[in-house]
Amino acid sequence: MAFNFFKKKENKEDKKSKRYKELTVRQVINATADAIVIEFEKPEWELSYTAGQFLTLITDINGESVRRAYSLCTSPLVDEYPAVTVKRVENGKMSNHLNDNLKAGDKIQVLEPMGNFTTTVDANKKRHLIMFAGGSGITPMMGISKSILHAEPDSIISLIYANRNLESVIFKSEFDKLEDEYEGRMHVIHVLDDAPINWQGESGLLNEEMLQKILDRIPNWGNDQTQYLMCGPEGMMKNVEQYLENFGVDKANVFKESFVQGTIDKAEKKTGETAEGQEYEVTILFDGEEYKFPVPSDKSILETALDLDIDLPFSCQSGLCTACRGKLLSGTVRMEEDEGLSDAEKDEGFVLNCVGHPTSADVKIEIG
Ligand code: FES
């Protein structure tokens, strides 16, 4: 077992401090009974992000370093302070810790914003964005909506937002305000599983029948001018994806964010892999260094690296956020999950180290 270095331009600590940043909590706002918005002060380092990206928060909980990815709910074009939304997840270490303990003035370690669930905002574009969100999947939609409404005067948004009940709707009043401020350009359709008696919106599950009913009601700008964005629980995403496919929507116009908090905490429920085949040595090229180490069949490449104190980038550890992405230069890798990678990324040979297992002896992966 060995890892070695081929360049010595910067020492390891310098590189590490560049990767890890610190943010100070400006305020913690209760969004619902089980969700908070964490607003951060503007840091001295340059925090640059695009609406729809996520921040990885890292904190120590009972002596264990825990990290989780949370989507930014703000727009850099509109909001002075960046913020993320954190909804409690059953048995979720980080989400419950933050909801219970975080307060203004606290400092928290972060990785710089990442993520591909973004859209290029262009004042000359004229498009209809149809967004499907479920539960805390609303978070990136909030930031993207603000950016589009602010900077694309000819574009419109229809947001279909599904929740269990009225109490679990995040950003209800904020979206009401956006509908007023951008009348005719922002249209929100709430769908509740368990609606109150006097509820005037839609009630029931976001199934094919409901989707048909809603899409019949919203403006039809045609395939060329319509884009579909979705973020929410797996079941909802599958329904919507299937519906759009049946509806003849071109996949190139459908964008999805696969990770929401419920799926992020998969990492905590993981019980280990079934033993499959032998141990293979893997070479990782990262930050000007070369690491070589054997990966046992019951561990992923990332898990093995972390056990060896090799500080590789990661966030969700569930194959969804792509923070651990690397390009496979040689050999073969089996992934337990590749939902986070686009077809183009897969074609280019990218793999996810957090769910990747070497299946040949000559695996070499370049990160960054
Ligand atoms: S750490 Fe998120 S995909 Fe690997």
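Indexing begins at 1, ligand by ligand and atom by atom, following the structure's order. Residue numbers start at 1 and run along the sequence shown. Heavy-atom basis, side chains included; hydrogens, waters and symmetry copies ignored.
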Kindly list each side-chain donor-acceptor pair under 3.5 angstrom involving residues 30-37, sequence neighbours excluded, with atom names and distances?
unit_1 : atom_1 : unit_2 : atom_2 : d
T32    : OG1    : D34    : N      : 3.3
T32    : OG1    : D34    : OD1    : 3.0
T32    : OG1    : A35    : N      : 3.2

- salt bridge (Lys or Arg N to Asp or Glu O under 4.0 Å) with D193: which residues, sequence neighbours excluded? none

- Message: Treating Q109 as the side-chain partner and K21 as the backbone partner, does any N or O pair qualify as donor plus acceptor under 3.5 Å?
- Response: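 Such a contact is absent between Q109 side chain and K21 backbone.
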
- Under 3.5 Å: donor-acceptor pair, side chain of S158, backbone of I130: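 Checking the backbone N and O of I130 against the side chain of S158, no donor-acceptor pair under 3.5 Å is found.
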
- Message: Less than 4.0 angstrom from a charged side-chain N to a carboxylate O is my criterion; do R26 and E39 meet it?
- Response: yes

- Have a look around atom 4 (Fe) of ligand 1 and list protein N/O/S atoms under 2.8 Å, or say none.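 Under 2.8 Å from atom 4 (Fe) of ligand 1 - ignoring waters, which are not counted - the protein N, O or S atoms are C324 SG, C354 SG.
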
When the side chains of residues 116-125 are checked against the rest of the protein, which donor-acceptor pairs come out under 3.5 Å, sequence neighbours left out?
unit_1 : atom_1 : unit_2 : atom_2 : d
T119   : OG1    : R127   : NH1    : 2.8
T119   : OG1    : R127   : NH2    : 3.2
D122   : OD1    : N124   : N      : 2.8
K125   : NZ     : T120   : O      : 2.7

